[in-house]
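Quick caveat: nothing in here was measured; it's all calculated off a predicted structure.
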Amino acid sequence: MTRIEIDKERCKGCGLCTVVCPHELIAIGDEINGHGYFFAKWESDGKCTGCALCAEICPDIAIAVWK
C-alpha cells in the first residue's frame with residue numbers, strides 16, 4: 001500500500017503538491033506549523049498510486065512517498 005509522509009515543519013504551504021496530485025488527495029490544512037505556515041495534509045483513501053509527482057514538485061523536499 002502506498003503512503004505519503006509530509007514533514008509539516010518543512011512545508012510552507014505553497015500548494016504545488018495539491019495541484020499536481022491526479023487524485024486530489026493533498027490539501028492545505030487548517031493547522032499552522034512552528035514557522036507560521038498552513039501545511040499540506042494527505043488524505044489516504046486507497047486511491048494513491050505512488051506516482052510521486054507531489055514529492056518531485058515540492059520545493060522544500062517536505063514530501064516522501066513510500067510504496
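- Taking NE2 from His35 and SG from Cys11, the interatomic distance works out to 10.5 Å, rounded to the nearest 0.5 Å.
- Across all non-hydrogen atoms, the minimal contact from Lys47 to His23 is O-CD2, 3.4 Å.
- Shortest non-hydrogen contact noted between Val65 and Ala55 is CG2-CB, 4.0 Å.
- In this structure, Gly50 and Thr2 approach most closely via the heavy-atom pair CA-CG2, 3.4 Å.
- Taken to the nearest 0.5 Å, the NZ atom of Lys12 stands 10.5 Å off from the CG atom of Asn33.
- Residues Pro22 and Leu53 come closest through the heavy atom pair CD-CD1, 4.4 Å.
- Closest heavy-atom contact between Leu16 and Pro59: CD1-CD, 4.0 Å.
- In this structure, the side-chain contact (heavy atoms from CB on, under 4.5 Å) partners of Lys41, at least two apart in sequence or on a different chain, are Glu31, Phe39.
- Looking only at side-chain heavy atoms (C-beta outward), Ile6 and Ile26 come within less than 4.5 Å of each other.
- Interatomic distance, CD1 of Ile28 versus SG of Cys17, reported as 5.5 Å (0.5 Å rounding).
- Ile63 and Ile57 fall into different hydrophobic clusters, where Ile, Leu, Val, Met, Phe, Trp and Tyr are joined by side-chain heavy atoms under 4.5 Å apart, directly or via other members.
- With a 4.5 Å cut-off between side-chain heavy atoms of Ile, Leu, Val, Met, Phe, Trp and Tyr, the cluster of Met1 takes in none.
- Ile32 and Phe38 get closest at one heavy-atom pair: CG1-CE2, 3.6 Å.
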Task: Test side-chain contact (heavy atoms from CB on, under 4.5 Å) applied to Cys48 and Trp42, step by step - done: CA-CA 10 Å; Cys48 181; Trp42 175 62; 3.9 Å; yes

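- Shown here is Glu43, whose CD atom has no more than 12 heavy atoms of other residues, nucleotides or ligands within 6.0 Å.
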